[in-house]
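One structure below.
As the structure lists them, so they are numbered: ligands from 1, and atoms in each ligand from 1.
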Amino acid sequence: MSGLSVKLKTPLTGEYDQPIGLFINNEWVKGVDGKTFEVINPTDESVLCSVQEATEKDVDLAVAAARKAFEGGWRRESPQKRGRLLSNLADLFEKNLELLAAVESLDNGKSITLAKGDISNCAGCLRYYGGWADKIEGKVVDTNADTFNYIRKEPIGVCGQIIPWNFPLLMWAWKIGPAVAAGNCVVLKTAEQTPLSALVAATFVKEAGFPPGVINIISGIGKIAGAALSSHMDVDKIAFTGSTIVGRQIMKAAASSNLKKVTLELGGKSPNIVFGDADIDNAISWVNFGIYYNHGQCCCAGSRIYVQDSIYDKFIQHFKARAEANQVGDPFHENTFQGPQVSKLQFDRIMGYIEDGKKAGATVETGGKRVGDKGFFIAPTIFSNVTEDMSIVQEEIFGPVCSISKFSTKEEVVKLANNTSYGLAAAVHTSNLNTALEVSNALKAGTVWVNQYNMLHHQLPFGGFKQSGIGRELGEAALENYLQTKTVSIRLGDALF
Ligand code: TXE
């Protein structure tokens, strides 16, 4: 790895070796064009290091490596072996949990407590899909007496995967787990804001025993490496998590290249509904967690809060106090709940939305400003007195900012909740089972939580209705994204019976 690693330091681990190369064919290589880009620490705005940047030629090399691995044997590798290797990878994540979590906090700014949770979920996800590898089954279907038909599930081939910066390693595991379990080879491009943890994790790919070319990890810019991957003629499938606007570009690129299969996990503007009969303390905790978890940088963030008029005033008062109690600061401090936003660009976008809300006449109940004068910290912000047409109610802010509105009836709140082009998640807080079920069934969202929020499990499918996406992550459903169906129909001749 000489020349393709630097020494970095975290408060938790001290000095460690940070890979900075492209991981192709189980080797660390430099980019063909000799380009690099800087990685910024969001806590103090310093430059952490520069990493190799993949351009079109590197994408070609990575795709060729994946193709060679797929055709050269991986597609025929036993399911048991695929499962065992994923399980080995899960073990390595667990063994190196502190290091991976520390790198995640350093690069992304998320609190170390949340980062440790992410890594533990990565291991769980990889192990879960390792378990699926030898349970992928076909079917026998009768049509008539002299024909024998079977339906096989086969891997798709070379999969391009483009991930965002809000859960850099968790998205790595969500994408790689099902793809590899199903027998595919992958080229994964990380987000340019957060390449570091994925590169550390790449070192475990070889150690876990994966053959060269099965898992390739590249750092690169969306418009260059991401675009090259999504329009590549030898990529059979592209999976993307990110903004809705780029999701559309990925679909266009797929359509105008080789019609590769596409799955998308995009933005959201999720409603979080609190009925007057809810346990108010629990509801406030979940509403707080729903919007401020991961600094509001969650595609499923509960950013539109609807509270029934009977408890509205009390709710605002207590919720405000709860939001103000969230510790904002150094991600490596164990009591910190909210670190900095990931980048200057995201910080500016969020502050722009806050200004829009103020100009539109919404009331700032709390927050509405940055914290400190260094690093990308924003105070947990609540807007009230909002109208449905305001940008802060309609658009994804992707920061610690929510709007709160009043409603009186079930019918009214369902209409308000569904008044969005998104449909990723929603939640209902109530002690009435009928209300919970009735409203859950009426909400147009891929996930509905009842009396909780942001509780994802790798066994449960996750994805969007409407413009929040196509396909599902996690659960058995995610395997379907990485399999194609083959029908084999055999003429048996004259039937004896
Ligand atoms: O996302 P992008 P950005 C939303 C959120 C956020 C907004 C913008 O609202 O404020 O998107 O964030 C790659 N072809 N989400 O600008 O650009 C890019 O390199 C191929 C929601 O960071 O969508 C990165 O790897 N790839 C979301 C990935 O796409 C391209 C998570 C995401 O970046 C590309 C992140 C192109 N033309 C942001 N352009 C979620 N659903 O969780 C960029 N990329």
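The nearest protein heavy atom to atom 44 (N) of ligand 1 is closer than 4.0 Å.
When atom types are taken as modelled, the side chain of K344 and the backbone of F376 share no donor-acceptor pair closer than 3.5 angstrom.
Around atom 19 (O) of ligand 1, the closest heavy atom drawn from E192, Q161, K252 belongs to E192. The nearest non-hydrogen atom to atom 2 (P) of ligand 1, considering only S243, S343, G242, comes from S243. The residue among Q341, K269, Q346 with a heavy atom at the shortest distance from atom 10 (O) of ligand 1 is Q346. The residue among G464, G226, G222 with a heavy atom at the shortest distance from atom 36 (C) of ligand 1 is G222.
Residue A227 has at least one heavy-atom neighbour below 4.0 Å for each of these atoms of ligand 1: 14 (N), 20 (C). Close approach of ligand 1 to L266 is summarised as follows: ligand atoms under 4.0 Å from at least one heavy atom of the residue are 41 (N). Residue F240 has at least one heavy-atom neighbour below 4.0 Å for each of these atoms of ligand 1: 23 (O), 28 (C), 29 (O). Near E265, meaning under 4.0 Å from one of its heavy atoms, ligand 1 places the atoms 41 (N). Near I163, the atoms of ligand 1 lying under 4.0 angstrom from a non-hydrogen atom of the residue are 24 (C), 25 (O), 28 (C).
Rounded to the nearest 0.5 Å, atoms OG (S468) and CG (L266) are 7.0 Å apart.
The aromatic ring centres of W172 and F93 sit less than 6.0 Å apart. Between W174 and F167, a ring centre-to-centre spacing not shorter than 6.0 Å is recorded.
Under the side-chain hydrogen bond (donor to acceptor under 3.5 Å, both in side chains) rule, K237 has a single partner from T263, N184, N481, which is T263.
Using cut-offs of 30° and 60° on the angle between ring planes, the pair Y453 and W449 is tilted. Between F289 and F337, the ring-plane angle classifies as tilted under the 30° and 60° cut-offs.
Defined by atom type and a distance below 3.5 Å, a donor-acceptor pair is missing between the side-chain atoms of N108 and K110. In this structure, a donor-acceptor pair under 3.5 Å is present between the side chains of E365 and S384.
Taking any N or O of I397, backbone or side chain, none lies under 3.5 Å from an N or O belonging to ligand 1. For ligand 1, the polar-atom distance check against S230 finds no nitrogen or oxygen pair separated by under 3.5 Å. At a 3.5 angstrom cut-off on N or O pairs, T241 does not count as close to ligand 1.
The nearest protein atom to atom 38 (C) of ligand 1, hydrogens excluded, is given as F398 CE2, 3.9 Å; this is a heavy-atom distance. Looking only at heavy atoms of the protein, atom 35 (C) of ligand 1 is closest to P164 CB, 3.5 Å.
Within 6.0 Å of atom CD in E56, 12 or fewer heavy atoms from other residues, nucleotides or ligands are found, so the atom counts as exposed in its surroundings. K466 NZ: more than 12 foreign heavy atoms inside a 6.0 Å radius.
Every heavy atom of F167 sits 4.0 Å or more from the atoms of ligand 1.
At a heavy-atom distance under 4.0 Å, only side-chain atoms of I250, from C-beta outward, approach ligand 1. With a 4.0 Å cut-off on non-hydrogen atoms, N166 touches ligand 1 through its side chain and not its backbone. Using a 4.0 Å cut-off between heavy atoms, Q297 makes no contact with ligand 1 at all.
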